[in-house]
Structure formats: structure tokens, C-alpha cells
Enquirer: 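If you scroll down you'll find the structure; I have some questions about it.
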Amino acid sequence: MEVPDLHPWPATPAEAAAIQDELRPLLDLAGPGPQDPGTVAGLDVSYAGDGAGTGARLAAAVVVLDARTLDVVEESVVTGTTAFPYVPGLFAFRELPALVEALRALTVTPDLLVCDGYGVAHPRRFGLACHLGVLTGLPTFGVGKTAFVGSCEPPGDRRGDTSPLVHDGETVGRALRTRDGVKPVFVSAGHRIDLDTACRHTLALAPAYRLPETTRRADRLSRDALARP
DNA sequence: GCGACAG
DNA sequence: ATCTTGTCGC
């Protein structure tokens, strides 16, 4: 699929934050977003060694699933090197170049992107899922495994139970229990989708495990690619 | 000021 | 994120 170039590219954390502020007005958070997507893509990145600094080997994977059957439609994985250090809030600049390259290698254009991380549940309301959404023009949302910004009460302990994730008095996401009695995931809208729809898709994509199949497939693919250099 | 902090 | 042993439960 076509993805525009990543310009400008920041040289410092301050420049990176400024880019987020520039792009944030381009977000479409009106919703509701795709109710019955044909295909959904999961994205994830794995690192070799200490994945916190710069210069580490990485593998970025995109796996496109049939949204109804969860069968794999297409896979794409690329390897590279980290060009930006891990800084909370600037996480996107670490994974974006490799993820964009992997997306470009796809022969199909997914109807929806599920990111490993956050969307608007972000200090500047512009997490990885937002950035990928603005860049690709596709509907996106994020599914995080741990809390980042905001706070929430623990949701009920049954699959499907939720509680709002609130930051600065705003609901920026939702803690969503995808399995009975198992730690919830954190869902936030990225672009061209609302929170309700994002949570519905997350639940549909996670029929058997805590994490959505999109994330699990992309995680496995990126990890495997890293293991065989 | 200090701690916490997606992956 | 990654580095890691054993352990509990279905």
C-alpha cells in the first residue's frame, strides 16, 4: 500500500514533540468508524538486545487478517536499526520508520490498523496509533498492555467489562477485560474511529487470548524475523 | 522537586 | 522492549 514519506523527521525529542503538536489537528475523532471491516492489520516491533537505546536491531511486522475468520490474508516483515531512543511519549518515532516500510510492502490495503500501544491516551493526545492514522489515512486504534497516562478503576472481572481511562478530566481510553479474571488491556482511539467501535473490534479480535490476534500474530512474526538474521 | 513513564 | 527458572492451573 501507499504511505507518504516521514518528513520532516525530528533530530531531538523537542522536535519530535513539536511534530506531534503539528499533526494532532489532522486527527479525525468523530467516529463511528468501520463497523464491519473486511480486513484488519496488526502491527508490532521486536528488538534484539537492549531495545531501549539507539542502534539496536529490530524487526517490524504487519499481519493482515480477515476480520471475520481471523485467517491470515497477508504478512509483511522488515528488519532495520533503531534510529530514535525510547522516550515515553515519543514512542512512535522509534517504530514508525520500520512500520511504514512494512506497510508499503503490503499488496493489500487493510481497512483498519490495530497498533501495539496507545492512540489519544497520550500526554499530547497523539500516540503511535494517531500518528499511523494520520500518515496512512486509515482508521486506527491502539491496544496497550500496561497503563501509560491517566487512571481508571479496575473493570469488572468478566470478559467485556470496561472502565473509563481518564486523563486531565477527559476520557481518553478504556480498560477492557478480554478474558475472565485476566488483567485488562487498554484501548484508545487513534484516527477515524470511536472508542466504542475500537473496543468492539478488540473484543472480536481476542476470542481466546488476552491480546487481539492481530497483535499476537505480528508479535510472533517480528520475533521470528529477528531470530534468523 | 520527585517519581512515574506505551514499547 | 529484552534478559530469564520455575511454577501453578486448565
Side-chain angles (χ1 to χ4, degrees), chain A residues 13 16-17 19-20 23-24 27 42-63 77-100 102 113-133 140-152 157 159 165-168 170 172-176 178-191 195 198 202 207-212 214-229:
Chain A
I19 289 174
Q20 293 178 329
L23 296 180
R24 188 178 50 247
L27 280 180
L43 302 82
D44 193 27
V45 178
S46 293
Y47 301 88
D50 185 354
T54 286
R57 244 162 44 80
L58 61 77
V62 181
V63 178
V77 60
V78 302
T79 57
T81 299
T82 54
F84 209 86
Y86 170 66
V87 179
L90 302 178
F91 172 59
F93 294 93
R94 188 166 181 68
E95 306 208 329
L96 225 34
L99 288 174
V100 165
L113 263 37
V114 182
C115 305
D116 196 37
Y118 283 96
V120 295
H122 177 276
R124 286 173 297 280
R125 302 287 182 274
F126 201 76
L128 173 65
C130 300
H131 209 137
L132 273 167
T140 63
F141 65 90
V143 178
K145 297 181 283 292
T146 62
F148 183 30
V149 296
S151 56
C152 64
D157 62 1
R159 168 178 159 90
L165 178 65
V166 178
H167 182 233
D168 291 338
E170 256 182 285
V172 293
R174 208 122 82 191
L176 167 64
T178 51
R179 299 206 67 192
D180 292 355
V182 173
K183 183 169 66 160
V185 298
F186 300 86
V187 179
S188 57
H191 184 55
L195 191 51
T202 301
Y209 297 95
R210 174 183 177 235
L211 296 178
T214 37
T215 300
R216 299 184 70 248
R217 291 275 192 175
D219 179 78
R220 183 197 287 183
L221 179 58
S222 62
R223 209 176 292 258
D224 288 351
L226 209 51
R228 42 162 205 285

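Order of the sequence lines sets the chain letters (A, B, ...), proteins ahead of strands, with each chain counted from 1. Keep in mind the model is a prediction, meaning the values are calculated, not measured. Both backbone and side-chain heavy atoms feed into the values below; hydrogens, waters and symmetry mates do not.
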Enquirer: Closer than 3.5 angstrom, by distance alone: can the side chain of A/Thr214 be matched with the main-chain N or O of A/Gly42 as a donor-acceptor pair?
Expert: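 It does not hold such a pair.
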Enquirer: Using centres under 5.5 Å plus planes under 30 degrees as the test, is A/Phe148 stacked with B/dA6?
Expert: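 Given the distance and angle limits, yes, they stack.
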Enquirer: Describe the nucleic acid contact of A/Arg57 in one word from base, sugar-phosphate, nothing, applying a heavy-atom distance below 4.0 Å.
Expert: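 Counting heavy atoms under 4.0 Å across all strands, no contact is made by A/Arg57.
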Enquirer: Which is true for A/Leu99 with a 4.0 Å heavy-atom rule: it touches a base, it touches only sugar-phosphate, or it touches nothing?
Expert: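 No contact at all - A/Leu99 keeps every heavy atom at 4.0 Å or more from the nucleic acid.
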Enquirer: Report yes or no: does A/Arg124 contribute a side-chain atom to a donor-acceptor pair with the main-chain N or O of A/Arg24 at less than 3.5 Å?
Expert: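 Side chain of A/Arg124 to backbone of A/Arg24, a donor-acceptor pair under 3.5 Å: no, none is there.
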Enquirer: Can you check the A/Leu43 CG to B/dG7 C1' distance for me, whole Å?
Expert: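 Taking atom C1' of B/dG7 as the reference, CG of A/Leu43 is at 14 Å.
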Enquirer: OP1, OP2 of C/dT2 versus side-chain N and O of A/Ser46: anything below 4.0 Å?
Expert: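 Yes, because at least one side-chain N or O of A/Ser46 sits under 4.0 Å from OP1 or OP2 of C/dT2.
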Enquirer: Is A/Leu128 touching bases, backbone alone, or none of the nucleic acid, heavy atoms closer than 4.0 Å?
Expert: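 The answer is base, as A/Leu128 lies within the cut-off (heavy atoms under 4.0 Å) of a base atom.
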Enquirer: Over all strands shown, is A/Asp50 touching base, sugar-phosphate only, or nothing at heavy-atom distances under 4.0 angstrom?
Expert: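 Base: the residue A/Asp50, judged by heavy atoms under 4.0 Å, touches a nucleobase.
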Enquirer: Starting at atom CG of A/Leu226, determine the distance to atom C1' of B/dG7, rounded to an integer number of angstrom.
Expert: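 Rounded to the whole Å, the gap is 14 Å.
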Enquirer: Round to a whole Å and report the spacing from OH of A/Tyr118 to P of B/dG7.
Expert: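 Interatomic distance, OH of A/Tyr118 to P of B/dG7: 7 Å.
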Enquirer: Roughly, in whole Å, what's the span from CG in A/Asp44 to P in B/dA6?
Expert: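 Rounded to whole Å, this separation is 15 Å.
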Enquirer: Kindly confirm whether the side-chain ring of A/Tyr86 is stacked on the base of C/dA1, judged by centres under 5.5 Å and planes under 30°.
Expert: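 No, the aromatic ring of A/Tyr86 does not stack with the base.
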Enquirer: Just to be sure I understand the rule, does A/Gly127 reach a base, reach only the sugar-phosphate, or reach nothing, if contact means heavy atoms closer than 4.0 Å?
Expert: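 Here A/Gly127 touches the bases of the nucleic acid.
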Enquirer: Out of B/dA6, C/dT2, B/dG7, which has the shortest distance to the side chain of A/Pro88?
Expert: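 Between B/dA6, C/dT2, B/dG7, the one nearest the side chain of A/Pro88 would be B/dA6.
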Enquirer: In whole angstrom, give the distance that lies between atom NZ of A/Lys183 and atom C1' of B/dA6.
Expert: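 Those two atoms, NZ and C1', are 13 Å apart.
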Enquirer: Can you tell me how far C1' of B/dG7 sits from CG of A/Leu132, to the nearest Å?
Expert: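 That distance rounds to 14 Å.
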Enquirer: Check the angle between the aromatic planes of A/Phe93 and A/His131 and answer parallel, tilted or perpendicular using the 30° and 60° thresholds.
Expert: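 Because their plane-to-plane angle is over 60°, the rings of A/Phe93 and A/His131 count as perpendicular.
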Enquirer: Which label fits A/Phe148 and A/Tyr118: parallel for a plane angle under 30°, tilted from 30 to 60°, or perpendicular past 60°?
Expert: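 A/Phe148 vs A/Tyr118 ring planes: tilted.
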Enquirer: Under a 3.5 Å distance rule, please check whether A/Arg228 uses its side chain to pair with a backbone N or O of A/Asp224 as donor and acceptor.
Expert: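 Flag set: sc A/Arg228 to bb A/Asp224 pair under 3.5 Å.
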Enquirer: When all nucleic acid strands are considered with a 4.0 Å heavy-atom cut-off, which category describes A/Gly89: base, sugar-phosphate, or nothing?
Expert: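 Answer is base: heavy atoms of A/Gly89 come under 4.0 Å of a base.
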Enquirer: Roughly, in whole Å, what's the span from CZ in A/Arg223 to C1' in C/dA1?
Expert: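 Whole-Å distance recorded here is 9 Å.
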Enquirer: What is the nucleic acid contact for A/Ala147, judged by heavy atoms within less than 4.0 Å: base, sugar-phosphate only, or nothing?
Expert: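 Contact class for A/Ala147: sugar-phosphate only.
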Enquirer: Provide, to the nearest angstrom, the distance between the CZ atom belonging to A/Arg125 and the C1' atom belonging to B/dA6.
Expert: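 The distance from CZ of A/Arg125 to C1' of B/dA6 comes to 14 Å, rounded to the nearest Å.
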